[in-house]
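These numbers come from the heavy atoms of this one structure, side chains and all, not from hydrogens, waters or symmetry mates. As the structure lists them, so they are numbered: ligands from 1, and atoms in each ligand from 1.
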Amino acid sequence: MSRFIIDGGYRLKGNVRISGSKNAALPILAATILMDGDTHLDNVPHLLDISSMIKMLEALGLRAEYKNDCKVRVSNYRKIRHIAPYELITAMRASFLVAGPILAKTGLAKIPFPGGCSIGARPVDIHLKGLKALGAEINIEHGFVSFKAKKLVGNKIFFDFPSVGATENVMMAATLAEGETVIENAAQEPEIVDLGRFLNKAGAKIEGLGTNVLHITGVDTLHGVNYSVIPDRIEAGTFLLAGAISKGEISLSGINLEHVQAVMSKMEDCGVRFSVESKGENEKVVHVKSGDSFKAVDISTRPFPGFPTDMQPQMMTFLTLAQGTSVISESVFENRFLHVNELQRMGADIEIKRNNAIVRGVSSLSGAEVKITDLRAGAALVLAALAADGTTEIYGLKHLKRGYAKFAEKLTALGAKVTSES
Ligand code: UD1
């Protein structure tokens, strides 16, 4: 079984460059289904999930190729197949994002029903409600969701919850629908803004990006473009915490500060200090410096601009070593405390009460053998290992490969003692 072996206790030092955003690149790749011609993407992270989406595009009849230097080229000249392969949908839930684009492009889509995942049931009812409002006839049978629409027509849609994936799916479909679509209570995550900018560059008419009301006026066609994906705010947040938990002094480049405000603000409340240096017009470098101790804080996960659920496990690790008691409320997913068991095995004092984790700070964690249950839980265990006394063996690296590009290499370059065995 693949594993990281990490010797804890080394203060990280140096600079790390943050990769492009996985969660922005995935819908952007799905959106190329809508576009005629060639699209060149830059700053696409080299990750398992990205390879799965590229395979999906190929299976649907596009040509997609990951090139060196984080570039992806997608060519869309052939007829799109409307059936998405089962193994690719089940490999990654985000594959369901192809539903809206395939439907809008071909008038039909047959997508295997995505199952739940370890952090929650994750239904797709909001996606379906939105696509139905655009005129899709939807049938669920034999494990597939089938969509049919001679023509999609714009409509006013209210989301019960600002689902990231549903906003993306419906926004993509609406770009080629007839007339105007209004999505109310839409998600406002930076990844949605990035997808919207990409679509607008390709000829779409989307207004209200970054707010909770999106206005999309349908157009007849979209064309291929050149586009660079935003930095990964979750990778950035993870490295900010890696610097702080190791009591090190590191800097991050290729980071968008506005996207990591919620995390930095909580870390500042704990006593971590940041300074920002401008390098040229668009480049900012963030320096992280942590003292020898830090304070407990309470956290509640929320849709953007609130504290991201994707940073909750990593922040929990950090707080296991804080002075005092922190309460972490998980309000986005119903079962996102799977890392708690493993952190307890490393000496953390955490009690779960429904969707709250009560974290009582301890003076040290101790290395142990632990298992990764999901992507961000994996990052949480790596952070714990960096700070722990002794050696930690972390099993189940396939989860980490979904979301962290060159994780071991980046940590090693900062002075961490990480051995990766496959
Ligand atoms: C995206 C991110 C994921 C992040 C999540 C929340 C990608 C590829 N993934 O996932 O990393 O943790 O946003 O920020 O961008 N829900 C429903 N019905 C639906 C859709 C969602 O009940 O139709 C529920 C989900 O079960 C979950 C919550 O809404 O409890 C949030 O889900 P959503 O915002 O859709 O997240 P994803 O797009 O799946």
Donor-acceptor side-chain pairing of [X] and [Y] below 3.5 angstrom:
X: Ser19; Y: Asp232; answer: no
X: Asn226; Y: His40; answer: no
X: Glu421; Y: Ser2; answer: no

With a 4.0 Å cut-off on heavy atoms, does [X] reach ligand 1?
X: Arg336; answer: yes
X: Ala166; answer: no
X: Glu191; answer: no

Discussion item. Against the six-membered ring of Tyr395, is Lys371 placed for a cation-pi contact (under 6.0 Å from the centre, within 45° of the normal)?
Written reply: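 Not satisfied by the 6.0 Å and 45° rule.
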Worksheet item: For Gln314, what residues pass the side-chain hydrogen bond (donor to acceptor under 3.5 Å, both in side chains) criterion, not counting sequence neighbours?
Response: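 Partners of Gln314 by the side-chain hydrogen bond (donor to acceptor under 3.5 Å, both in side chains) criterion, ordered by chain and then number, come out as Thr238, Tyr404.
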Polar atom proximity, [X] to ligand 1 (N or O, under 3.5 Å):
X: Ile126; result: yes
X: Pro123; result: yes
X: Val332; result: yes
X: Asp125; result: yes
X: Asp310; result: yes
X: Ser163; result: yes
X: Gly165; result: yes

Discussion item. Parallel, tilted or perpendicular: which one describes the rings of Tyr227 and Phe198, with boundaries at 30° and 60°?
Written reply: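 It falls in the perpendicular class, over 60°.
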Practice prompt. For the residue pair Phe304 and His259, categorise the inter-ring angle as parallel (less than 30°), tilted (30 to 60°) or perpendicular (more than 60°).
Written response: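 The arrangement is perpendicular - the two ring planes meet at more than 60°.
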Discussion item. Using side-chain heavy atoms (C-beta onward) and a distance below 4.5 Å, is Ser75 in contact with Thr39?
Written reply: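 No - every pair of side-chain heavy atoms lies 4.5 Å or more apart.
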Fill in: Ala94 neighbourhood, listing ligand 1 atoms whose heavy-atom distance to it stays under 4.0 Å
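Result: 8 (C).
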Worksheet entry | Atom indices of ligand 1, in the order listed, that fall short of 4.0 Å to a heavy atom of Asn23 |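 Taking each heavy atom of Asn23 in turn, ligand 1 has 2 (C), 3 (C), 7 (C), 8 (C), 9 (N), 11 (O), 15 (O) under 4.0 Å.
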Discussion item. Please report the interatomic distance CD(Gln344) to CD1(Ile352), rounded to the nearest 0.5 Å.
Written reply: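 Gln344 CD to Ile352 CD1: 7.0 Å, rounded to 0.5 Å.
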Discussion item. With a heavy-atom distance limit of 4.0 Å, tell me whether Phe161 approaches ligand 1 through its side chain, its backbone, both, or neither.
Written reply: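 Under 4.0 Å from ligand 1, Phe161 contributes side-chain atoms alone.
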Discussion item. Below 4.0 Å, non-hydrogen atoms only: which portion of Thr309 touches ligand 1? Side chain, backbone, both or neither.
Written reply: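 Only the side chain of Thr309 comes within reach of ligand 1.
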